[in-house]
Amino acid sequence: MKQSILQIVLDTPLDSSFDYRWQASDDNEPLPRVGQLVQLSFGRREVVGMIVSLSDESDVPAEKLKNVQAVRHQLPPLSAQWLALCRFAADYYQRPLGEVALPGLPKNLRALKPVALDRALKKLAQPGAVHDATPIDVAQLNPAQQQAADAIAGATGFAPTLLYGVTGSGKTEVYLQAAAQILAHGENGADNLSQILILVPEINLTPQLEGNIRARFPGVTVATLHSGLAEGERLRHWLAAHLGQARIILGTRLAVLASLPHLKLIVIDEEHDPSYKQQEGLRYSARDLAVWRAHQLSIPIVLGSATPSLETWHHAQSGRYKKLELRERAVKDAVLPKVRRIDMERDKPSEGLTSSLVSALKLRLERGEQSLLFLNRRGYAPVIACDACGWVSNCTRCTSFMVLHKPEHRLRCHHCSLELRIPKSCPTCGNIDLQPLGRGTQRLEEGLKAMFPEARVLRIDADSTRRKGSAQAAFDSVHNGEVDILIGTQMVAKGHDFKNLTLVGILNPDTALFSHDYRASERLFAQLMQVAGRAGRAAQKEGGSPSEVLIQTRYPQHPLYAAVIAHDYDHFATSLLEEREQACLPPYIYQALLRAEAKELETAIEFLQQAAHCIEHEGITMHDPIPMTMTRVANVDRAQLLIECPSRPGLQAFLTDWMAQLRQIKTRAKWSLEVDPVDI
DNA sequence: AGCACGCCGACT
DNA sequence: GTCGGCGTGCTC
């Protein structure tokens, strides 16, 4: 009877593996292998874990060792390379390996009753049967696109490439052409298989990309991986990837941790997009992990963007990444929209709209063209106030205002979801004249309807699209020409091409200019370019004028707007990078953030103070613990401690030691560490 | 994190 | 007398 010790990781915050004994149930049972799932009893419950190593002996006293209950032989084991990726992520982000490796697996695989994998597998194994292929015209690439695709597909070894090109310059066709070459190469190659991972910020916003891929590669199995999949679907798609049947895997950030045994190319579309950063649990950057993965496998990776992140820009400048640029719009005769600033000090707005913008809207209405007004603030007004005594609608549970939602007759806190009826009079002095201050999308909608009673106005924001499917219906009605003026928050900034849209008005961008967050201007630029890109994507009409983007601002002289007008990200990004270098900010320094939260702010701060003093920290800049800008959310007070180090390995080594110390501190505060934080 | 044990307060 | 509050301790 053969015996051995299995080291198992589990989805628990405990930072260690657990030894279990294994005994063959009969002579025919194969030996367990690293990367296989096992069912076992852990404490008083039954869970599924993963084998990370095999051994003949264990340091754990024999009486504590339990036997594993069953090894799941049905599933081919996860590869050593995949485990190495998880191990890297676990070490880098200071999390237990089990918390990285297990939660990403389909729930069905981790369930206590094993799924009948044989039937699942058979269904997937029929090549080409999964989806119809509707033939499309393969777009003719322009020389720059063709060159870029050839360079990407022809690269050998680890070859990170920034594909830099404005909205509409045809980055997608470059990805697909490169993918086609690599897939074709795989057909003739020795191992006869290639997989391509394409990451996108949000799959629901890019349905046309999925359609394009399926149409472009008829007969190729395409798997999609994102949080919107039902469990059954998730299992099918994950397995198709794991078993190598899916050749193209299209997914959101979580797909970067998928098992892809034949991965030959990674594409990250809109690489600057903030949604590549997971903001809870394991706070990883899918972009950074993807680059690591490409390096590990010695394969090319493409990062595409019109407004690359400064990290990526920095790598492109230094030559670590190759920069390929697409200068022209791919659609023939399409031109970049003309961007203008409207000085709000000279042209005073009424109902939030300057006369210049009103005239531009009128012109579009006369021509039967569509307009988009971008206002990144939902609700009617961000706060209501009493003129008589100075009362304002503070949230009782958060350090924030209750937002007036007029159609819903409610005050709402956008941080804790507390809802109240709108008070009829001031709660402190009884004054019945409470004033809404500021303007959100609902108030803008109201004003526009009064101003243009004949126009069809549609508001698209998180409130107007709460019901499932209503967002799609709203976008459809815009595409079908049933809307003259579209009002939207950042929801409308991405993904959608509106063919008849020739005016974009940007209403309240200035707040980001003076934000304490040093990344705010980088993000604002990206967002403005993205919104501006909604206009004029189709070829300019015969005799028509180019699309226009009007930015209402109190700071028309600000260099950010000058750069947007010139469509000049190069200089803007380069000057931002210089500022970062002067100020010793990322990417010239590496950061980690220790957060703590508790019922009392004191508790959180005290923990952070202990944390700051519990260890020697030579070479590390340890800042003072401070309450977070939004200190209280849902009756919990939050504070944070920033640490910095000029060397990444230096920071990593410190964090490992520090975490061990932190775990010893007795506190009632809940705390977590974030490496490479983006929202500080 | 779960889950159990354990020791004090207000309910049928 | 018991239900349940959350402090503490453990999981191979």
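Every chain is numbered from 1 and lettered A, B, ... according to where its sequence line falls, protein lines coming before strand lines.
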Taking every heavy atom of A:Asp637 against every heavy atom of A:Glu600, the minimum-distance pair comes out as OD2-C, 4.0 Å
Here the distance between atom C1' of B:dC3 and atom CG of A:Asp11, to the nearest Å, is 16 Å
**Asked** Which class fits the ring pair A:His295 and A:Phe158: parallel under 30°, tilted 30 to 60°, perpendicular over 60°?
**Response** perpendicular
Show me the side-chain donor-acceptor pairs of residues 641-650 of chain A shorter than 3.5 Å, one per line, residues at least two apart or across chains.
residue: A:Glu644; atom: OE1; partner: A:His623; partner atom: NE2; Å: 2.9
residue: A:Glu644; atom: OE2; partner: A:Gln591; partner atom: NE2; Å: 2.9
residue: A:Ser647; atom: OG; partner: A:Gly650; partner atom: N; Å: 2.7
residue: A:Arg648; atom: NH1; partner: A:Tyr92; partner atom: OH; Å: 2.4

message = Quiz question: by atom type and distance under 3.5 Å, do the side chains of A:Thr252 and A:His226 form a donor-acceptor pair?
response = no
task: Can you label the angle between the A:His617 ring and the A:Phe654 ring as parallel, tilted or perpendicular, going by 30° and 60°?
output: perpendicular
Listed pairs, N/O of protein and of nucleotides 6-11 of chain C, under 3.5 Å:
residue: C:dT11; atom: OP1; partner: A:Lys64; partner atom: NZ; Å: 3.3
residue: C:dT11; atom: O3'; partner: A:Gly43; partner atom: N; Å: 3.0

Rounded to whole Å, the CG-P distance (A:Asp15 to C:dC12) equals 17 Å
Taken to the nearest whole Å, NZ/A:Lys670 to C1'/B:dG2 is 14 Å
Whole-Å distance, A:Leu10 CG to B:dC3 P, equals 14 Å
Residues at least two apart in sequence or cross-chain that pass ring-ring contact (aromatic ring centres under 6.0 Å, His included) with A:His415, listed by chain then number, are none
To the nearest angstrom, the CD-P distance between A:Glu46 and B:dA1 comes to 23 Å
